[in-house]
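As structure tokens, the structure follows; a few thoughts come after it.
Order of the sequence lines fixes the chain letters, A, B, ..., with proteins taken first and strands second; residue numbering starts at 1 for each chain. Below, all heavy atoms of this structure are taken into account, side chains as well, without hydrogens, waters or symmetry copies. This structure is a prediction, so every number in the text was calculated from the model and none was measured.
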There are 2 protein chains.
Amino acid sequence: MPFVNDHLARKLTTFVKLSPTELAGLAELQSTPVNVPRGSDLMNQGDAGQLAYILHAGWGCSYKVLRDGARQIITFPIPGDMIGLRSILLKTSDHAFSAITDVQVSRISTTRLNTLVDEFPRLATAIMWGTSRDEAITVEHLASIGRRTSLERTAHFFLELRDRLQLVGLTSDTEYECPLSQYVIADALGVSAIHVNRVLRQLRELELLTFQDHKVTIIDSAGLTELAGYDSIEG
Amino acid sequence: MPFVNDHLARKLTTFVKLSPTELAGLAELQSTPVNVPRGSDLMNQGDAGQLAYILHAGWGCSYKVLRDGARQIITFPIPGDMIGLRSILLKTSDHAFSAITDVQVSRISTTRLNTLVDEFPRLATAIMWGTSRDEAITVEHLASIGRRTSLERTAHFFLELRDRLQLVGLTSDTEYECPLSQYVIADALGVSAIHVNRVLRQLRELELLTFQDHKVTIIDSAGLTELAGYDSIEG
DNA sequence: CGACGCTTTGACACAACTCAACAACCGTGG
DNA sequence: CCACGGTTGTTGAGTTGTGTCAAAGCGTCG
């Protein structure tokens with residue numbers, strides 16, 4: 001197996017138990033890793049599609065840019081997440097992916113993916129479960145931006161991120177590394193960077209959560225959950 | 001074929017040409033239609049999953065409700081669109097669907113869907129293309145709420161709706177039926193109903209678009225497109 | 001005919017944005 | 001080793017977009 005921590009396998013097996021041969025197939029899909037240096041783009045809006053990736057390590061963001069240059073971040077993929085899967089069937093990619101830290105990915109060969117799911121149909125189901133779950137997160141994000149205040153929205157964001165990281169074993173209950181700048185968080189939450197700063201201060205003063213030195217500390221999980229109206233992600 | 005207008009087939013064949021037997025299979029999937037009276041819910045948040053539908057006629061909305069009772073509409077499915085497909089693989093449905101007018105749907109049998117895509121793999125590809133396209137629309141909606149002003153957002157909304165209706169032949173270039181109240185539009189755009197009213201007045205005064213008597217009239221398509229920063233949906 | 005839902009408008013309040021300035025930090029090159 | 005520019009974080013003041021509350025007009029349907 002090419003990776004010590006197969007985050008994708010870890011994620012998918014919370015949904016279905018996979019046989020050793022299925023796991024081997026999944027591992028093989030993740031071969032030939034490539035590094036993407038921080039600050040560079042892996043794919044751009046309008047790129048011809050047919051390319052998808054699996055993220056192994058590092059932080060990045062999927063985003064759209066609007067005509068006036070504003071940016072909306074769709075999601076921060078974490079290890080074990082697929083990137084750009086949607087663009088396989090569309091003519092062009094509808095979004096871009098940018099590496100925030102140095103990032104390690106492997107390209108998914110579409111043909112290999114096809115033969116793999118032919119051979120192991122349960123793997124297809126597991127992968128589609130993963131994409132359904134990602135979609136549900138996007139929809140929750142939509143509801144968050146549309147109908148939550150910036151304070152609720154920010155609380156929700158950090159709770160969801162915690163649960164996603166926990167699913168692949170990258171965090172404890174109360175603390176996790178998060179190398180995002182306030183500008184980047186602003187583009188995800190649909191507010192200005194300055195306002196993110198003010199909201200983070202509020203969360204700190206309410207003794208709910210701190211975000212300092214690229215580290216999130218959840219002080220009062222119950223209080224945050226209540227404030228955000230957060231339901232943990234279900235399978 | 002059970003329906004004179006197979007909107008789903010019309011939509012999918014813009015992506016791949018389907019053979020007569022494939023079309024027959026698709027038509028059979030849409031048998032046993034049921035009526036959903038306006039105002040009633042077809043599915044609710046938290047329902048046990050494993051049920052999906054195809055919309056044949058009428059208007060409804062997929063939405064989430066937040067803990068405080070606020071509602072965020074995710075999308076207005078139109079004839080030929082699938083409803084609740086995501087919930088097939090998740091334990092519970094992450095969203096609800098409510099009929100705005102009387103609505104005609106047919107339930108998709110999961111087992112029949114499975115045997116069908118086994119028999120006609122190209123059908124699976126076509127359906128997944130459709131879901132990819134729906135996802136792209138949701139992502140665009142997210143960007144719209146996060147980063148466009150309410151004026152741009154409203155313009156974008158009506159242009160996108162026009163293009164979606166056009167794909168299944170339910171509108172001309174400049175005018176379409178749209179039986180949505182301003183309250184409903186507000187819940188889709190993430191603003192208050194009163195503000196929707198103000199924005200619609202602005203669009204009218206700018207001589208870009210009118211929304212009256214459940215009818216949308218696009219006066220200045222180019223102007224609207226420019227204002228909204230709208231890119232037509234691509235396959 | 002009355003009740004109800006939807007639209008429209010005005011007045012006011014408040015959340016979030018913009019602009020501006022400064023502090024802290026970091027990697028880089030002299 | 002330090003000086004430097006660039007990025008990020010922090011805070012204040014004033015502005016603007018949007019929400020809330022209130023009320024009236026209008027259709028439609030029972």
Side-chain angles (χ1 to χ4, degrees), chain A residues 37-40 59 61 66 68-73 98-102 144-155 157 177-206 209-217 227, chain B residues 37-39 59 61 66 68-72 98-102 144-155 157 177-206 209-217 227:
Chain A
R38 90 191 153 98
S40 65
W59 287 72
C61 58
L66 280 64
D68 66 358
R71 178 172 75 153
Q72 176 63 49
I73 291 176
S98 176
I100 291 169
T101 66
D102 288 348
S144 214
I145 294 188
R147 286 301 184 206
R148 278 190 252 259
T149 66
S150 59
L151 187 69
E152 297 166 348
R153 205 185 303 167
T154 308
F157 171 75
E177 293 295 320
C178 176
L180 306 176
S181 75
Q182 295 181 0
Y183 288 85
V184 168
I185 293 172
D187 281 344
L189 300 181
V191 294
S192 70
I194 290 172
H195 199 61
V196 166
N197 185 280
R198 289 193 264 252
V199 168
L200 288 174
R201 171 153 54 125
Q202 274 188 74
L203 288 172
R204 199 185 322 129
E205 286 171 357
L206 291 168
L209 168 151
T210 63
F211 176 70
Q212 258 149 8
D213 301 325
H214 293 163
K215 201 170 70 181
V216 175
T217 307
L227 168 66
Chain B
R38 89 191 153 98
W59 286 73
C61 59
L66 279 62
D68 67 356
R71 178 172 73 152
Q72 176 64 49
S98 177
I100 291 170
T101 64
D102 289 346
S144 213
I145 293 188
R147 286 301 183 206
R148 278 189 251 259
T149 67
S150 58
L151 187 68
E152 297 165 347
R153 203 185 304 167
T154 308
F157 171 76
E177 292 297 319
C178 177
L180 305 177
S181 76
Q182 296 182 2
Y183 286 87
V184 167
I185 292 171
D187 281 345
L189 299 182
V191 294
S192 70
I194 290 171
H195 199 62
V196 166
N197 187 279
R198 291 193 271 246
V199 169
L200 288 174
R201 173 155 51 125
Q202 276 188 72
L203 288 173
R204 200 185 321 128
E205 286 170 356
L206 291 168
L209 169 150
T210 63
F211 176 70
Q212 259 149 8
D213 301 325
H214 293 163
K215 202 170 68 180
V216 176
T217 307
L227 168 66

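Note: CG (A/L180) to P (D/dT7) measures 18 Å, nearest angstrom. Rounded to whole angstrom, the span from the CD1 atom of A/I194 across to the P atom of D/dA13 amounts to 14 Å. When rounded to the nearest whole Å, the span between CD of A/Q202 and P of D/dT10 equals 14 Å. Between the NE2 atom of B/H195 and the P atom of C/dC14 there is a distance of 18 Å, given to the nearest Å. Summarising the geometry, the separation between NZ on A/K215 and P on D/dG9 is reported as 16 Å, rounded to the nearest angstrom. Spacing between atom CG of A/D102 and atom P of C/dG27 amounts to 13 Å, rounded to whole angstrom units. Atom-to-atom, CD1 of B/I145 to P of C/dA16 comes out at 15 Å; the value is rounded to the nearest Å. One can place CG of B/L151 at 17 Å from P of D/dT16, the figure rounded to the nearest angstrom.
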Query raised in the report: What's the verdict on salt bridge (Lys or Arg N to Asp or Glu O under 4.0 Å) for A/D68 and B/R148, showing C-alpha distance, side-chain angles and the deciding distance?
Result: CA-CA 10 Å; A/D68 66 358; B/R148 278 189 251 259; over 6 Å; no
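The side chain of B/S150 sits closest to D/dT18 out of D/dG9, D/dT18, C/dA16. Checking D/dT18, C/dG10, C/dC17 against every side-chain atom of B/V191, the shortest atom distance belongs to D/dT18. Considering only side-chain atoms of A/T149, the nucleotide from C/dT9, C/dA16, D/dG19 that sits closest is C/dA16. Taking the side chain of A/S192 as heavy atoms from C-beta on, and the options C/dC17, D/dG19, D/dT10, the nearest nucleotide is C/dC17.
Under the 4.5 Å side-chain criterion, counting only non-hydrogen atoms from C-beta, A/T154 is not in contact with A/V196. The closest side-chain heavy-atom distance from B/I100 to B/C61 is below 4.5 Å. When side chains are defined from C-beta on, B/R153 counts as touching B/V191, because their heavy atoms get closer than 4.5 Å.
When the side-chain nitrogen and oxygen atoms of A/Q212 are compared with OP1 and OP2 of D/dG9, none of them lie within a distance under 4.0 Å. A sub-4.0 Å separation between OP1 or OP2 of D/dG9 and a side-chain N or O of A/N197 is absent. The side chain of A/Q182 contributes no N or O atom lying less than 4.0 Å from OP1 or OP2 of D/dT7.
Remark: side-chain polar atoms of A/T217 are not paired, donor with acceptor, to backbone N or O of A/T210 under 3.5 angstrom.
Where B/R198 and A/R201 meet DNA chain D, the nucleotide closest to each residue was compared, and A/R201 sits on the side nearer the 5' end. Place A/L200 and B/V196 on DNA chain D by their nearest nucleotides, and A/L200 ends up nearer the 5' end.
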